[in-house]
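Below: the structure, in structure tokens.
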Amino acid sequence: MQASQSLKIFLLAGVKTTPSAFHALEQALVHNMQQKGITPDIELLFPYGDAERSLMRQLYEVRADLSRRARLAGYGGRKVWERINSYCEVPKLLLIGHSGGGVAAYQIARKLHEDQLPINSKVVQIGSPKTRIIPQLKERVGYIHSIDNNGKVKDPISRLGSWGGWSSLTSEIPLPHWNSQKYAPGFIEGIHTVGGHADYFRQSEQFSDEHHACNLDKTMSSLNAYLKEWL
């Protein structure tokens, strides 16, 4: 992307989320993009409703959107499509979803693909359930999640869902085997965060490691690594 160009960014919230949860991330994105000569236009959306909506209803919709049988765009995608659709003439669109918002972000990207709209989109899922990514969108989806010191998944939400599918081994007699990464995103990175699922965008000393690197810095570093060539 050339200097002085703009970029539309949608932040998609998960269940029971308040707008304040994204303030630090939004500020970091503005600063980061401006350093690259990009003017970001950032908007926060609630695909499954805000903190006032029923938790059980929101969880039901996220679970339904994780299913391979989910209707095109799913519950979350359909709820915010009208707003996103008005930006389908922009050359590039960045969708960043936290938790269940990452599921809805992928559903939007899939709808853009299925509708054959001429837009270059990227999806970043942060602390999201595993969503099966179709092969055509594999390189358009990045996945960031929290891990412990042993490299194991730390965020319980990231243990939900599956990227797996059956594949055939190459042989004279094809034998099916379960491939746990068959529908995985093209970019997957684990980061060492302090705290829990809701803390990816924290930047206080309380959420910093022994090297004084906070969760937000680590999340932004991973996000930059994924978007480097695209921006």
Side-chain angles (χ1 to χ4, degrees), residues 8-26 29 41-88 93-115 121-134 137 140-146 153-163 183-185 193 195-202 215-216 219 223:
K8 183 63 185 181
I9 303 174
F10 283 106
L11 305 179
L12 285 82
V15 303
K16 282 292 181 180
T17 303
T18 60
S20 61
F22 283 86
H23 285 171
L25 174 63
E26 185 172 354
L29 284 168
D41 178 10
I42 304 175
E43 189 171 339
L44 175 61
L45 300 176
F46 294 85
Y48 303 101
D50 59 21
E52 300 301 318
R53 190 167 183 248
S54 164
L55 173 61
M56 295 306 297
R57 189 62 189 174
Q58 292 187 51
L59 291 175
Y60 169 81
E61 291 178 357
V62 173
R63 181 178 179 180
D65 283 357
L66 283 171
S67 171
R68 284 179 292 180
R69 299 181 180 88
R71 294 176 60 188
L72 190 59
Y75 283 99
R78 292 199 304 274
K79 285 186 177 178
V80 298
W81 174 248
E82 183 176 348
R83 181 58 184 159
I84 291 176
N85 184 43
S86 63
Y87 287 92
C88 285
L93 181 66
L94 177 58
L95 304 162
I96 302 176
H98 172 251
S99 192
V103 179
Y106 167 68
Q107 297 292 359
I108 288 293
R110 183 166 182 177
K111 180 169 177 58
L112 292 172
H113 169 74
E114 297 291 347
D115 289 353
S121 63
K122 281 281 190 179
V123 172
V124 182
Q125 299 178 313
I126 302 174
S128 299
K130 294 181 178 67
T131 311
R132 287 181 173 87
I133 311 298
I134 61 174
L137 295 181
R140 290 193 184 188
V141 181
Y143 187 85
I144 301 169
H145 64 112
S146 180
V153 177
K154 178 181 176 182
D155 186 345
I157 301 302
S158 298
R159 297 191 184 101
L160 302 177
S162 172
W163 293 324
Y183 299 107
T193 60
H197 173 69
D199 301 322
Y200 285 91
F201 313 137
R202 306 286 190 182
N215 291 352
L216 179 61
T219 299
L223 191 149

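Side chains included, hydrogens not; waters and symmetry mates left out as well; all remaining heavy atoms used.
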Asp155 and His145 side chains, donor-acceptor separation under 3.5 Å | no
Backbone N or O of Lys16 within a donor-acceptor pair of the Gln58 side chain at under 3.5 Å?
-> yes
Where do Glu114 and Ile134 land on the side chain to side chain contact (heavy atoms under 4.5 Å, CB included) test, with the steps shown first?
-> CA-CA 11 Å; Glu114 297 291 347; Ile134 61 174; 4.2 Å; yes
Once you round to the nearest 0.5 Å, how far does OH of Tyr143 lie from CD1 of Ile126?
-> 11.0 Å
Geometric cation-pi criterion, Arg202 with Tyr200: 6.0 Å, 45° = no
Nearest-0.5 Å distance, CG of residue Leu44 to CG of residue Leu11 | 6.0 Å
Heavy atoms from other residues, nucleotides or ligands near OH of Tyr87 exceed 12 (cutoff 6.0 Å) = yes
Qualifying residues under side chain to side chain donor-acceptor pair (under 3.5 Å), relative to Ser20, sequence neighbours excluded | Thr18
Donor-acceptor contact present, side-chain Lys122 to main-chain Leu93, <3.5 Å = no
Look at the side chain of Ser99 and the backbone N and O of Gly14, then say whether any donor-acceptor pair between them is shorter than 3.5 Å.
-> no
On a heavy-atom basis, the closest approach of Pro185 and Trp163 is CD-CE2, 3.4 Å
When rounded to the nearest 0.5 Å, the distance separating CD of Glu26 from CG of Leu29 is 8.0 Å
Test the Lys8-Phe10 pair against the cation-pi criterion, namely NZ or CZ under 6.0 angstrom from the six-membered ring centroid and within 45° of the ring axis.
-> yes
Can you tell me how far CG of Leu45 sits from CG of Asp50, rounded to the nearest 0.5 angstrom?
-> 12.0 Å
Residue pair His98 / Thr17, side-chain donor-acceptor N/O under 3.5 Å | no
Does the side chain of Tyr106 come under 3.5 Å of the side chain of Asp65 through a donor N or O and an acceptor N or O?
-> no
Indicate yes or no for a side-chain donor-acceptor contact from Tyr75 to the backbone of Pro47 under 3.5 Å, with no hydrogens or angles considered.
-> no
Trace of the side chain to side chain contact (heavy atoms under 4.5 Å, CB included) decision for Arg57 with Tyr48 = CA-CA 8 Å; Arg57 189 62 189 174; Tyr48 303 101; over 6 Å; no
Could you walk me through whether Leu12 and Leu95 pass side chain to side chain contact (heavy atoms under 4.5 Å, CB included), step by step?
-> CA-CA 7 Å; Leu12 285 82; Leu95 304 162; 4.2 Å; yes
Closest non-hydrogen contact found for Cys88 with Trp81 is SG-CH2, 3.8 Å
Do you know which two heavy atoms are closest between Ile96 and Ile9, and how far apart they sit?
-> CD1-CG2, 4.1 Å
Do the non-hydrogen side-chain atoms of Arg83 and Glu43 ever get within less than 4.5 Å of each other?
-> yes
Short question: side chain of Arg159, backbone of Val153 - any donor-acceptor pair under 3.5 Å?
-> yes
Taking all non-hydrogen atoms of both residues into account, name the closest pair between Val103 and Gln125 and its distance.
-> N-NE2, 4.1 Å
Where do Val123 and Ala105 come nearest, in terms of heavy atoms and distance?
-> CG2-O, 3.7 Å
If you measure from CZ on Arg132 to CG on Leu137, what distance do you get to the nearest 0.5 Å?
-> 15.5 Å
Would you say Asp115's side chain and Leu112's backbone share a donor-acceptor pair under 3.5 angstrom?
-> no
Could you walk me through whether Lys79 and Glu61 pass side chain to side chain contact (heavy atoms under 4.5 Å, CB included), step by step?
-> CA-CA 11 Å; Lys79 285 186 177 178; Glu61 291 178 357; 2.8 Å; yes
Residues in ring-ring contact (aromatic ring centres under 6.0 Å, His included) contact with Phe46, at least two apart in sequence or another chain = none
Considering non-hydrogen atoms only, spot the tightest contact between Pro129 and Gly100 and give its length.
-> CD-N, 4.3 Å
Any chance you could measure Ile144, atom CD1, to Thr193, atom OG1, to the nearest 0.5 Å?
-> 11.5 Å
